[in-house]
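In what follows, a single structure is set out as structure tokens and then discussed.
Throughout, protein chains are lettered first and strands after them, A, B, ... in sequence-line order, and every chain is numbered starting at 1.
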Protein chains: 2
Amino acid sequence: MMSPTGGTPQTPTRVLVIDDEPQIVRALVINLKARKYEVDAAHDGATALELAATRHPDVVVLDLGLPDMDGVEVIRGLRGWTRVPILVLSARHSSDEKVEALDAGADDYVTKPFGMDELLARLRAAVRRAEPTGGGEDDVMVETEGFTVDLAAKKVNRDGKDVRLTPTEWHLLEVLVRNTGRLVSQRQLLQEVWGPSYGTETNYLRVYMAQLRRKLEADPSHPRHFVTEPGMGYRFEK
Amino acid sequence: MMSPTGGTPQTPTRVLVIDDEPQIVRALVINLKARKYEVDAAHDGATALELAATRHPDVVVLDLGLPDMDGVEVIRGLRGWTRVPILVLSARHSSDEKVEALDAGADDYVTKPFGMDELLARLRAAVRRAEPTGGGEDDVMVETEGFTVDLAAKKVNRDGKDVRLTPTEWHLLEVLVRNTGRLVSQRQLLQEVWGPSYGTETNYLRVYMAQLRRKLEADPSHPRHFVTEPGMGYRFEK
DNA sequence: AGCGTCTTTGACGCAACTCTGACGCCCCCG
DNA sequence: CGGGGGCGTCAGAGTTGCGTCAAAGACGCT
């Protein structure tokens, strides 16, 4: 009826399935893959958080009954650094459970046993509303007098030539550019680029900011666009 | 447990309730108003679409069983021009109904009879995820005739130029500005900026208030905006 | 298996920020 | 009228944070 991404052919939607019951995981994986989703699976909370950090899923399906940690803790762990839609599965019908999960940051709550059709529809709904912007074309191009960043094409142009960025460099640049003019805290940068457990490794930031400045600033040692706010974070200015 | 808007006191969340059963509408309206939502109600689809257009609700609660038109048509009518979250209520448990409604653009689907707690939690979830991107980025700006404070971007502008503040200076300014016009006790300032164990080191305050005044006041020795209340605390005035 | 690229880690010098103490002022109170 | 506590100001000392470089480790590709 509808492609996972909602019609626009682009990179496939990535789903992270978290459940400790193998048969449920299998059923989900089969159904999702058949519909051209890209699927990762985890059977406990720790693995889940790790996978979420490294794979950056577009939507998370989470069973609350995990062996190693409370499902709500997983929600909080995710919400600490990402707004990825979270669809909760649970065998518990109690109203309190639902309220707790939803208020912790879940986007939807489905009780088992569930219909696969319904689950997939809810998944589509969750992904759909998370999509970038609905109404109008947002400007995916950001220009400075020294270089141009094309967020959609994932390209940076300088003096007519494309600048080669490594994945990490790009990711960092993307977070900064998406917050043009705003200060982005070191913690937020680290967590968005490297994952939730990297909130304090500020040396990574120093290295990669230097890298970005070397590649994009006219005078890397006196940056005009990638501004350091000592003790707080970094800011991208046009 | 949580204010409708998620903590920041601003304009109340507006809900549009669409249902033809008076007792359900009444129950919803009472519960919503008690939680400080602003509520509009419609008992048929035509009125609903009209109200949605004129009142611009932040979230819609829609019963699928309407007298004048199919509920799914209402969803489509809304989705034609707005991305407002739509929470569907329905007596039908059939999977097809849910899939159809969700794929038409609904954000959530709750079957009757429903628990009020759960419904409210789902409503909060729907509003929450729509907030930051939906209505538009409202930067929290505070202006005086001498300078401008942008709390979101963590920026202070004076005479067209950005003022450089250290982390401590920012933190202090932030607490004061968030309490504009109100007196903030020394103890509270110290504990919020330096931590719970620093309730008495008022000399810190003196040093950093001086710093702030030097950077922001036109005449630092005769402050107009950062007012000392001797023996009590400090107050920020526009 | 070998190679190239990307990421991570450590060490160093330098700059920025925080803390601290001394001093003088003003206002309140005795 | 004199004393004292609270406040503002200043500048130095100590600490932390930042930029830079280089090399080792991890990863993927051929």
Side-chain angles (χ1 to χ4, degrees), chain A residues 50 53-56 154 156 162-174 176 183-195 197-235, chain B residues 154 156 162-174 176 183-187 189-195 197-235:
Chain A
E50 210 170 300
T54 56
R55 305 277 296 167
H56 291 276
K154 290 206 193 305
V156 181
D162 281 353
V163 181
R164 187 174 180 73
L165 294 186
T166 72
T168 310
E169 287 163 7
W170 173 259
H171 206 149
L172 182 59
L173 175 67
E174 196 174 5
L176 287 168
L183 173 71
V184 189
S185 72
Q186 328 185 76
R187 177 171 215 88
Q188 187 185 340
L189 283 171
L190 285 165
Q191 295 194 143
E192 289 220 31
V193 177
W194 280 270
S197 56
Y198 289 76
T200 56
E201 318 265 347
T202 59
N203 48 324
Y204 290 8
L205 281 182
R206 292 204 293 278
V207 172
Y208 276 90
M209 284 304 302
Q211 213 83 319
L212 274 184
R213 297 206 252 236
R214 183 138 16 93
K215 291 186 178 180
L216 299 179
E217 291 273 5
D219 180 358
S221 53
H222 300 92
R224 289 190 47 189
H225 305 102
F226 299 95
V227 187
T228 304
E229 300 279 1
M232 310 210 289
Y234 294 85
R235 180 198 310 278
Chain B
K154 285 208 183 356
V156 180
D162 285 349
V163 182
R164 212 182 165 69
L165 294 187
T166 73
T168 311
E169 287 162 7
W170 245 110
H171 210 146
L172 183 57
L173 176 66
E174 202 172 355
L176 288 167
L183 171 69
V184 188
S185 73
Q186 318 189 50
R187 175 169 220 89
L189 282 171
L190 283 165
Q191 295 192 342
E192 287 224 32
V193 178
W194 280 271
S197 55
Y198 288 76
T200 56
E201 318 264 0
T202 59
N203 48 325
Y204 292 7
L205 281 182
R206 291 204 292 282
V207 172
Y208 278 91
M209 285 303 302
Q211 212 83 321
L212 274 184
R213 297 206 254 237
R214 192 143 41 75
K215 291 186 177 179
L216 299 180
E217 291 274 5
D219 180 358
S221 52
H222 300 92
R224 290 189 46 189
H225 304 102
F226 299 95
V227 188
T228 304
E229 301 280 1
M232 313 207 48
Y234 294 86
R235 179 199 311 276

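Using a 4.5 Å heavy-atom threshold, the side chains of B/Val184 and B/Leu176 count as touching. Proximity of A/Leu173 to A/Lys215: side-chain heavy atoms (C-beta onward) are nowhere separated by under 4.5 Å. Within the 4.5 Å cutoff, no side-chain heavy atoms of B/Val227 are placed close to those of B/Leu183. Within the 4.5 Å cutoff, the side chain of B/Trp194 has no heavy atoms near those of the B/Glu201 side chain.
Nucleotide D/dT20 holds its P atom 11 Å from the CD atom of A/Glu217, rounded to whole Å. Taking atom CE of residue A/Met232 and atom P of nucleotide C/dA15, one finds them 21 Å apart after rounding to whole Å. Counting to the nearest Å, the P atom of C/dT7 and the CD atom of A/Glu169 are 7 Å from each other. The nearest whole Å value for the distance from the CD atom in B/Gln211 to the C1' atom in C/dC19 is 12 Å. Going from atom CG of B/Leu172 over to atom P of C/dT18 covers 11 Å, rounded to whole Å. Spacing between atom CZ of B/Arg213 and atom P of D/dC10 amounts to 13 Å, rounded to whole angstrom units. Note: CG (B/Leu173) to P (C/dC17) measures 15 Å, nearest angstrom. For the pair B/Asn203 CG and D/dG6 P, the interatomic distance rounds to 12 Å; values are reported in whole Å.
Remark: A/Gln186 is in phosphate contact with D/dC18, judged by side-chain N or O atoms under 4.0 Å from OP1 or OP2. Between A/Thr166 and C/dT5 there is no side-chain N or O to OP1 or OP2 distance below 4.0 Å. Between A/Trp194 and the phosphate of C/dT7, there is no side-chain N or O to OP1/OP2 separation shorter than 4.0 Å. Neither OP1 nor OP2 of D/dG6 sits under 4.0 Å from any side-chain N or O of B/Arg206. Residue B/Tyr204 places at least one side-chain N or O closer than 4.0 Å to OP1 or OP2 of C/dT20.
Side-chain proximity of B/Tyr234 to C/dC6, C/dC17, D/dG8: nearest is D/dG8. Closest to the side chain of B/Tyr208, out of C/dT18, D/dG19, D/dC21, is C/dT18. Among the nucleotides C/dC17, D/dT9, D/dT20, the one closest to the side chain of B/Val207 is D/dT9. With distances taken from any side-chain atom of B/Arg164 to the nucleotides C/dT20, C/dG10, C/dC17, the minimum falls on C/dC17.
Residues A/Thr202 and A/Arg214 both approach DNA chain D. Their nearest nucleotides, taken by heavy-atom distance, put A/Thr202 toward the 5′ side.
Under the 3.5 Å distance criterion, the side-chain polar atoms of A/Arg235 are matched with a main-chain donor or acceptor of B/Lys154.
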